[in-house]
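In this chain, residues are counted from 1 in sequence order.
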Amino acid sequence: MAKTMKALVKYEAGPGNMEIREVPIPSAGPGEILIKVTIAGICGSDLHIYHSDIAIPVRPPVVTGHEFSGTVAEVGDGVEGFSVGDRVVSETAYHYCGECDFCKEGFYNLCVERKTLGYWYNGIFTSYTVVPAGRVHHIPEGVSDLAAAMTEPLACVCHAVYDLCKIVPGDLVLVSGPGAIGLMAMQVAKAHGATVIVSGTNVDARRLTLAKELGADYAVNIQQENLHDLVMSLSRGYGVDVVLECSGNAAGIDTALNLIKKRGYFTQIGLAGKKIEFDIEKICYKELHFTGSLGSRNHSWRIALKLLAEGKVKLEPLADTILPVTEWKTAFEKFEAKDGCKFMLTPAQDS
């Protein structure tokens, strides 16, 4: 095994300040697992780290990235249930206190001491990473490495849907924003028996087509079709029962607030990366169940892996751009231009 590996490092605070560097290959300490990265996904938050406009604590220099699948390369002392060669994924909450009220109630995603893989601790845009064994999950048989590498964003969606809103069979659900997260949210809503509308704009043409292929009942380009009329015709004038807002866009949020029915469930999943304006009085006038969603928890990961194992969510079709980590700039640029759906990076061939 080589002593060093190529890694995408945020080497200093401030916009940019990210490059490929040679870093030491780590070893698994007590209670830890060393994982060889198979394939990694780019999250919107990785772009926010690049631009330094994210509120979650980042500690440069740090290897970035947190969505991945891999195989166990080394098991530390005291670790049970895992063997070298096991296919695994890992949660991103590398550290949390375990003692605060949030942790004790299972919502360690909200722990004030939470420190995240790829933000505070070295992440996965590289060849090997070390994580606490308690964060690691086996990949179910029949689930591909490519699909498993997207478990983390799917777990975030599962947290948003299963923990923070309410969808019952027959509900009309609007998914605002047809990016990878939106297409996952659409499939989870469909798994609940909902009728789902996915909305986007001209730049989302390919993504809206993919939404239909993956089971969306309606895929609407709001620059070419009347989303309001469709919603009102399907809902007898009441509006959608649930909004899963995945765009993080002020106009998308405003449109969704106009289209949701009174006492509906509105869950904000997408992050804007900046302050935005919206009409908060609509939340009051409609008595909405309005909530934000942050990350995931153990429960979310178990559900996400179960949905994948049962074939209720298809993730491979989302991964339309796969590049080596050394071409990360191209992947980031294509992501920001929405030139694709889900962008993946493979480890460099370390010498």
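In this structure, the separation between OG on Ser293 and CG on Leu164 is 5.0 Å, given to the nearest 0.5 Å. Note that the CG atom of Leu294 and the SG atom of Cys156 stand 8.0 Å from one another [nearest 0.5 Å]. Atoms CZ and SG, on Phe266 and Cys165 in that order, are 11.5 Å from each other to the nearest 0.5 Å. Of the inter-residue distances, the one linking Thr151 atom OG1 with Glu91 atom CD reads 11.0 Å to the nearest 0.5 angstrom. Separating the CG atom in Leu208 from the OG1 atom in Thr201 is a distance of 8.0 Å, to the nearest 0.5 Å. Distance check: Leu271 CG to Ile54 CD1 gives 7.0 Å after rounding to the nearest 0.5 Å.
In this structure, Arg59 contributes its side chain and Lys115 its backbone to no donor-acceptor pair below 3.5 Å. Side-chain atoms of Ser233 come within 3.5 Å of backbone N or O of Leu230 as a donor-acceptor pair. For the pair Arg21 (side chain) and Ala7 (backbone), a donor-acceptor distance under 3.5 Å is absent. Between the side chain of Lys286 and the backbone N or O of Ile260 there is at least one donor-acceptor pair closer than 3.5 Å. Gln187 places no side-chain N or O within 3.5 Å of a backbone atom of Ala189 that could act as its donor or acceptor partner. For Asp241 (side chain) and Gly264 (main-chain N/O), no donor-acceptor pair under 3.5 Å exists by modelled atom type. With Asp229 contributing its side chain and Asn226 its backbone, the two residues share no donor-acceptor pair below 3.5 Å. Looking only at distances, a side-chain donor or acceptor of Asp320 sits under 3.5 Å from a matching main-chain atom of Cys341. A donor-acceptor pair under 3.5 Å is absent between the side-chain atoms of Thr116 and the main chain of Ala93, judged by distance alone. Under a 3.5 Å cut-off, the side chain of Ser52 and the backbone N or O of Gly14 do form a donor-acceptor pair.
Pairs of residues two or more places apart, or lying in two chains, that qualify as ring pair (Phe, Tyr, Trp, His ring centres under 6.0 Å) and include a residue from residues 77-97 are Phe82-His138, Tyr94-Tyr121, Tyr96-Tyr108. Residues in residues 160-210 take part in these ring pair (Phe, Tyr, Trp, His ring centres under 6.0 Å) pairs, two or more places apart or across chains: Tyr162-His192. For residues 60-83, the pairs satisfying side-chain hydrogen bond (donor to acceptor under 3.5 Å, both in side chains) are Glu67-Lys342, with sequence neighbours left out. For residues 321-334, the pairs satisfying side-chain hydrogen bond (donor to acceptor under 3.5 Å, both in side chains) are Lys334-Asp339, with sequence neighbours left out. Screening residues 155-184 for salt bridge (Lys or Arg N to Asp or Glu O under 4.0 Å), with sequence neighbours left out, gives Asp163-Arg297.
When only modelled atom types and interatomic distance are considered, Tyr119 and Ser45 share a side-chain donor-acceptor pair under 3.5 Å. Using modelled atom types and a 3.5 Å distance limit, the side chains of Asn17 and Lys10 yield no donor-acceptor pair. In this model, a donor atom of one side chain and an acceptor atom of the other lie less than 3.5 Å apart for Asn202 and Asn221.
Contact of the Val157 side chain with the Ile181 side chain is registered, since non-hydrogen atoms from C-beta on lie closer than 4.5 Å. Counting only heavy atoms from C-beta outward, the side chains of Val136 and Val131 approach each other to under 4.5 Å. Residues Leu244 and Met186 form no side-chain contact, since every pair of their non-hydrogen atoms from C-beta on lies 4.5 Å or further apart.
Ring-centre distance between Phe343 and Phe335: below the 6.0 Å cut-off.
At a threshold of 4.0 Å, the pair Lys274-Asp53 does not count as salt-bridged, since none of the basic side-chain nitrogens sits closer than that to a carboxylate oxygen. Between Glu22 and Lys6 there is a salt bridge, with a side-chain nitrogen of the basic residue lying less than 4.0 Å from a carboxylate oxygen of the acidic one. In this structure, Lys190 pairs ionically with Asp217, as a charged nitrogen and a carboxylate oxygen lie closer than 4.0 Å.
Relative orientation of the Phe332 and Phe125 rings is perpendicular, given thresholds of 30° and 60° on the angle between their planes.
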**OP:** May I have the step-by-step check of side-chain contact (heavy atoms from CB on, under 4.5 Å) for Leu174 and Val231, ending in yes or no?
**Re:** CA-CA 9 Å; Leu174 172 64; Val231 167; 5.6 Å; no
**OP:** Assess whether side-chain contact (heavy atoms from CB on, under 4.5 Å) is satisfied between Ile197 and Leu172, documenting all intermediate values.
**Re:** CA-CA 8 Å; Ile197 305 169; Leu172 182 61; 4.0 Å; yes
**OP:** Kindly determine whether Val243 and Gln268 satisfy side-chain contact (heavy atoms from CB on, under 4.5 Å), including the steps that lead there.
**Re:** CA-CA 8 Å; Val243 167; Gln268 184 64 40; over 6 Å; no
**OP:** Go through Val198 and Ser176 one step at a time and tell me if the side-chain contact (heavy atoms from CB on, under 4.5 Å) criterion holds.
**Re:** CA-CA 6 Å; Val198 179; Ser176 173; over 6 Å; no
Original post:
How far apart are the C-alpha atoms of Glu245 and Thr267, what are their side-chain angles, what is the distance that settles it, and do they pass the side-chain hydrogen bond (donor to acceptor under 3.5 Å, both in side chains) test?
Top reply: CA-CA 6 Å; Glu245 211 299 309; Thr267 301; over 6 Å; no
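Closest heavy-atom contact between Val75 and Val72: CG2-CG1, 3.6 Å. Of all heavy-atom pairs between Asn109 and Ser296, the closest is CB-O, 3.3 Å. Nearest heavy atom pair, residue Leu315 against residue Met150, reads O-CE, 3.2 Å. Closest non-hydrogen pair, Ser127 versus Pro347, comes out as OG-CB, 3.8 Å. When every heavy atom of Pro324 is checked against every heavy atom of Thr346, the shortest pair comes out as CA-OG1, 3.4 Å. Here the shortest heavy-atom pairing between Ala348 and Val325 reads N-CG1, 3.7 Å.
Enclosure of atom OH in Tyr285 is not indicated, since only 12 or fewer non-hydrogen atoms of other residues, nucleotides or ligands lie within 6.0 angstrom.
In terms of hydrophobic clustering, with Ile, Leu, Val, Met, Phe, Trp and Tyr side chains grouped at heavy-atom distances under 4.5 Å, Val220 and Met232 are assigned to a common cluster. Residues Leu227 and Ile253 are members of one and the same hydrophobic cluster, defined by side-chain heavy-atom contacts under 4.5 angstrom among Ile, Leu, Val, Met, Phe, Trp and Tyr. Met344 and Met18 fall into different hydrophobic clusters, where Ile, Leu, Val, Met, Phe, Trp and Tyr residues are linked whenever their side-chain heavy atoms come under 4.5 Å apart, directly or through other members. Under the 4.5 Å side-chain heavy-atom criterion for grouping Ile, Leu, Val, Met, Phe, Trp and Tyr, Ile167 is connected to Leu214 within one hydrophobic cluster. Tracing side-chain contacts under 4.5 Å through hydrophobic residues (I, L, V, M, F, W, Y), one never reaches Val168 starting from Leu307; they form parts of separate clusters.
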Show the atom names and distances, to 0.1 Å, of all donor-acceptor pairs under 3.5 Å that link a side chain in residues 28-44 to residues at least two apart or in another chain.
| residue | atom | partner | partner atom | Å |
| --- | --- | --- | --- | --- |
| Glu32 | OE1 | Gly29 | N | 2.8 |

